[in-house]
Amino acid sequence: MEEYKHSLFFVARYMTDKEKEKLRRYFQKRRQSGGGECGVIQKVSGNSYEIRFKDKEDQERVLQKKFHNISLPDGEVQLTVSRINPTETPDQPKTSQAQTFTKTNMKSLEKIYHLDVFLLRYMTDNPKAFTYLQKQFSSIGCEVELNCDEEEAVVRGDVDKGPGGTFGGVAEKWEQQVDRIIIDITEEYNCYHVVEAKQVRVLLQDQSFVNEDIMVYADRGYPVIVGKAEAVKKRAEILTKSLPIRKEKPITENQLKLIEQEFCRELRAHYPDVQYSRGKGIIILEGLEDELQSGATKLDELIGQIKQRKSQFPTPLLNFISFSGVISKYQARFQQSFRNPVSIEMRPDLVLSSLSTDALDEVQAALVKDLNVSTIQLQGAAAVSPHVDELKDILNQAQSAANRDELRVEVSFIPGINGVNKVRLVGYSENVLQFKDIIQDYQLNQVTSQDTVNLSNPEFADCFGKILDLTGIKSPNVTLKISRLPNPCVILSGPQCKVQEAKQALLSALASLTSDTLVLEGSGAQQYYQTSGKDSKELVEHSFRVIIREQECVSTPAVKSKQRSSSSPMTRLSRPPVSRNHSKSVGGTATAHNVSSPLNKANIAIKLGSVEDEQVNVLVVPMVNKQLTSTQFGKCLLKKAGNALQSKFNSVALNYSLAPGDVLQVDGPPSLGCSKIFFIECLPWDGVRGTSVQALGKGLRQCLALCTQQDLSSLALPILGPGILLKYPPCEAIQVLTDAVCEFGTSASSSSLSTIHIIIKPGYPDSDELYRDLCQHLSMNQGGEEIFRSLTSDLDEITIKLGGGVKLRMVFGDITNETTDLVVNTTDFTNFDLDGVCKRVLAEAGPKVEAELKAATINPGSMVLTEPGRFLCKAILHVCGEKTAGHIEGLTQLIIKSCETNHYTSVAIPALCTGAGGLQPGLVAGAILQGIKNATTSTNLHTLRDIRIILYKMDVFLAFQEEAKQMFSTAVYSTDALPKTQQQERRLSASADLSILNNSPASQHSAFLFVGLSRKSVDDAMAKLRDLYQNQCSTHTFRKEELDSLMQDDMTELMQLIETQGLYIQNDQSGDLSVSGQKDGVTQAVIAINAVLHGNLRREVRFKEEEDLYTRVVWCIMSHNRHWQRLPKTANYNLEKQDIARGIVDAQGATWTVDLNSMEATNLMVAEPRKLKRLENLPDFTMPLYWDSMAPGEKVKVVAVPPSSAEYRTLKSAFRKTESKTVMKIERLQNIHLRRGYEVQKKHISEKNKQEGGAREKLLYHGTTKDSCNSITETGFNRRFCGQNGTAYGAGVYFAVNASYSANARYSKPAADNSQVMFVARVLTGIYTQGNKDMNVPPPRDSRRPHDRFDSVVDKMDNPQMYIVFHDNQSYPDYLITFK
């Protein structure tokens, strides 16, 4: 440590060894601290530290910095260094300026300060300064001694001791005064050590500034300036400025290259003493401060003058510039060309930089000129193999040659949909142009190209080969091909240059051709020249040097049919007799043989779903106040169809003012499955006879009529009225709907409307009752006569054929209507009065069965078999359906087993636990069907053949239907409704309608296209071909009288013959028909027509026999829904004549095999045979279809209705809706005399009220006594006997809407056996009004027309429960129900 002699001291917080080492390295760096080589830092005491330097100069430079800032791990610290060690002796206080020593004696105090030796010398050498020093200490009674050798100042002073013989606080105060003077002296006078060599030289060369305030000492190796602080500071600043300084300026390499030459010129010219050098990312300037600052400013100016310009080049060209060395090449070139350099950089665009705008312009122009990118579209075959592969090889070889010395060009192939269709060239412009020439040359001369020539006449395409021969066109190396799509044209293929030459030649040749068309009467000319006349046509072509081409036959307006009428339809025996609907004769009116036939009737289908989902021609929906969304139906349509429907509705509604009952027609948008929507303007319910009912009925009739007028075939509508807005009672809404539909069905005129869907939406509270009421009304109206072709429903009975001949049927109905051997009742054996299956079964069976059941001993899981009581079955099986699927499945198997044990052939099972049990229908359906499946597959059933599942609720039926489709997917699954067949009866005209000839082949002509090189050759050839054909033809004329007896079928056959022979027909003004053509064809036509004329005579006889028989005898077949349906005329005739070997065809076109012994008809598509029935009409009376046949002379017949029939079930269900008593039997009353008068009255009221709902026929109830039954059955209801039960609403016959009213003992008096009777009557209610007790007849509807009276009166207008009629023929006793 002896070599480190020059100490400095500082005060700091506690420092770790790591921090002391970092501080040592700081003092070693001259640039940072001014120091140099030094020793380790030693702790003196407390917070005082010492560092020693090897050289005095290093120590002095460190002292010149007032503060030293050093960054340590815990933060930045600031140190002040001093020569004086702040550590004091134990008896002295600490000072911050100097190290002091105090000695005490009895008389004086002494304190020593270590001061800078040069300051001590200055104070000694300068009298003024020394005097100032002495004066300062004298002021406090002290003296000072300066010792330069020891570098110390000794201050002494005398003080008196205080009380007790000690100095105490007096000494401390003296010491503070001395410290204050020393501090003032060191602040008043300063030392500046000059250690930099350059500053030393400057200082020693000029010391003229030395005076009594400032002196220089230079005897210790380097000069020190000492004196007044202000003077020393000023001289130090002068020395600093005289010292060259260094400055670093940040600059990029690119900026330096651009400004270096110009900056050097500026320095040499204006700042020659400033030197610069390069560093990494910087430029270093050295020189005197003023010049250096000016040079730095100039540098900033030059950097600011650098101009940049982005050049917008395509991405492929930028990539080429990046990788090809273009930048370095051009920078070297531009470095030599311009006074100011230009920089080229990629970042990522191409950026040009320079001090000169002109230089930038020149460089950019050079780049644009010298570099290029081009994309060439490959045409035709050049874009596909093998040509594209060959082109790739050529370009790759050329690319390798061009890039041998440097990268000059890049070639890339851009793929398209069907291969490579583009080539991109990037590089130097001269090379890009060279490669474009290579590609162009290849496409022109080596690749097959295509071009097209459109043919002005499409027929030229079919004879193009002959045209080439005719014109003599030769096309070596070019292929010519005909294309007909999209337009007839010639496709030329070959080398492009050759293709263009061939195209010009072909255009010139086509322009020189002459063409014309020859038209000959009838299509026979073409047939002739295609067969026997072919050689003659070719000879004409050769002789006149033309081309002759057959064209499609063309129609002409030459055939005009004159209207004729005939009243004598004729029959041809050469074809089987068929039923006919006679249409108008040509020019005449309908014949007298028009009768109502199912062919004119619509198929009615009751559908479950939503009206907006229907796929039909027309949807019918209600609205109020011409608002689309006024009803829920409109809202549903709008939700599905969206704004398209709203827009269509608004555009139509704005142009019309609607009254109640009017119909607004709107085109259906694509999102709906209809072409039109009919909106009926409706009114909310205002009573049975209010305007709302009239408006709704009017609207429905108008919708049906519009379908006929617009030739629309299908319509769907909901039951309009029973909703939140219109508030119709459901029964009245159904009445209005069925009245309109049935009135449409009874119309004698034919209609295009073949399908009517009535929509009921499942899931609503009234859906089940709406369905039942609708079926009842439609069945009632269909019973008397054929109103519609068929009535089907989504709830029709479903039959599934299981193994072993067992049939599973699912029936929507009431189990109390069943007549199977065994009926299953579900009960908890405790609560017998709860609504549901149990209550209905026990009510039907009677109190005896209920008593037997209550008395039975019930074990858990047991079943009780009882007598049927009044139930029309052999036994009733009472079961307890626990609320689990597994139990229900097992219970079902036990039921099947019980049937086998007791030898029952049929069983009716309800949907166990879906009512009061509360189970989900789907769960129960799966359990019951699985139980049946297990029972029928696990063992062979010997007796049970018919399993009927009776489902009372709509949602339950649908659940069973869905489950059955999945469970029995491979079984024979069907309803009894046959699918609609495409077989339709042919419609024949009473006489031939010659208007069919207008567009028939008989009115077409043969056309030939002639193509030649001159007009004359074409004209001569056409004349020759015409003459040749006319020599082969003849003409025959049929007189009008011969044609009048032809039927439409005859005319169709004639047209087929004429078409086959290619004949031409013409109808003249007198009605005669001329047939022209080849002689053999005309002869065949004459023979055929004569044969038809003879056959028509025989056919007409059969037709008249069918017509006559159809009015007298009625053959019916049972439809799938158990209603009688009349068979068409031909089937009716064949059955009557027992000509049934080929079967019969029903109104739907289905063919049936007939067994007249059993009176049954079978069809492979139907599970069971259908019953047949024969009725015989009287001359003045037509038997209703639902009646049984009556013996000759029999006027009255009472028929027991079979309990298993749909007729019985319908009547019983209607009765049970309001009355719980048990139906014992139902009898149908067939009274010809009464029914004849009733039908006459019905027709009268219907015509009178045609615009107001017609006759409004209803099935109503009339209670009576057994004694009166025979009288009413024989003579009908007689108002002369009125008054027995009161005449509160008039002196007429009273009928109740509900069976419960008529079942009252007051009206239906019980007999001795406690049984009662009531009639179900057909009543013509017509237009009614409020009744009162004084009425003997209904009052007039208008006082101005006293003879126009109401048809009936009611007990109350808002919801009638009683109807009273005053005309005996206005009601008919249809059925008699016995009950108790």
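- With E1239 as the fixed residue, the side chain to side chain donor-acceptor pair (under 3.5 Å) test singles out one of R1235, K1243, Q1241: R1235.
- Taking the side chain as every heavy atom from C-beta outward, P1373 and L1234 approach each other to under 4.5 Å.
- For the residue pair D814/T816, the side-chain donor-acceptor check at 3.5 Å is satisfied.
- Between the side chains of D1374 and Y1186, a donor-acceptor pair is found at a separation under 3.5 Å.
- Donor-acceptor pairing under 3.5 Å is recorded for the side chains of S793 and Y771.
- With S906 contributing its side chain and D821 its backbone, the two residues share a donor-acceptor pair below 3.5 Å.
- Interatomic distance, CG of D1188 versus CD of Q1230, reported as 5.5 Å (0.5 Å rounding).
- Residues L720 and Y728 fail the side-chain proximity criterion, which asks for heavy atoms closer than 4.5 Å.
- Judged by a 6.0 Å distance limit and a 45° cone about the ring axis, R772 is positioned over the six-membered ring of Y952.
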- [ ] Report the C-alpha distance between S1300 and N1298 in whole Å, list the side-chain angles of each, state the deciding distance to 0.1 Å, and finish with yes or no for side chain to side chain donor-acceptor pair (under 3.5 Å).
- [x] CA-CA 5 Å; S1300 59; N1298 297 322; 4.9 Å; no
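- Here CZ of R809 is found 13.5 Å from CD1 of I909. Values are rounded to the nearest 0.5 Å.
- Salt bridge status for K854 with E850: present, with a side-chain N to carboxylate O gap under 4.0 Å.
- Using a 4.5 Å heavy-atom threshold, the side chains of S1302 and Y1307 count as separate.
- Between the OG1 atom of T1325 and the CG atom of N1249 there is a distance of 9.5 Å, given to the nearest 0.5 Å.
- Annotation: side chain of S1371 is not in contact with side chain of K1258 (no heavy-atom distance under 4.5 Å).
- Contact annotation: the side chain of E844 never approaches that of V823 to less than 4.5 Å [non-hydrogen atoms, C-beta and beyond].
- Residues D1342 and D1348 fail the side-chain proximity criterion, which asks for heavy atoms closer than 4.5 Å.
- Nearest approach of V1353 to P1339, heavy atoms of both residues: CG1-CD, 4.2 Å.
- Using a cutoff of 4.0 Å between basic side-chain nitrogens and carboxylate oxygens, E867 and K848 are not scored as salt-bridged.
- Classification of the F957-F812 ring pair by plane angle, with boundaries at 30° and 60°, yields perpendicular.
- Checked by atom type, the side-chain pair T820/R948 shows no donor-acceptor distance below 3.5 Å.
- Using modelled atom types, one finds no donor on one side chain facing an acceptor on the other under 3.5 Å when comparing S1220 with K839.
- Side-chain N/O atoms of D1267 and T1265 include no donor and acceptor closer than 3.5 Å.
- Between the side chain of Q1370 and the backbone N or O of D1351 there is at least one donor-acceptor pair closer than 3.5 Å.
- Only one option out of K953, K761, M954 pairs with S767 in a side-chain contact (heavy atoms from CB on, under 4.5 Å); it is M954.
- Residues K1217 and D773 have side chains in contact (heavy-atom distance under 4.5 Å, counting atoms from C-beta outward).
- The pair R1256-D739 meets the salt-bridge criterion, with a side-chain N (NZ, NE, NH1 or NH2) lying under 4.0 Å from an Asp/Glu carboxylate O.
- Aromatic ring pairs are classed by plane angle as parallel below 30°, tilted from 30° to 60° and perpendicular above 60°; the pair F1181 and W1187 is tilted.
- Counting heavy atoms of neighbouring residues, nucleotides and ligands inside a 6.0 Å radius, atom NZ of K1225 does not exceed 12 of them.
- Between Q1316 and the options K1309, K1380, K1221, a side chain to side chain donor-acceptor pair (under 3.5 Å) holds for only K1221.
- Below 30°, between 30° and 60°, or above 60°: for F1295 and H1262 the angle between ring planes is between 30° and 60°, a tilted geometry.
- Residue K1197 places its NZ atom among more than 12 non-hydrogen atoms of other residues, nucleotides or ligands, all under 6.0 Å distant.
- In the model, Y1294 has no side-chain atom that pairs as donor or acceptor with a side-chain atom of Y1289 under 3.5 Å.
- Summarising the geometry of T1218 relative to A1299, their closest heavy-atom pair is OG1-N, 3.2 Å, with the distance given to 0.1 Å.
- Put simply, the side chain of L842 reaches to within 4.5 Å of the side chain of H878, judged on heavy atoms.
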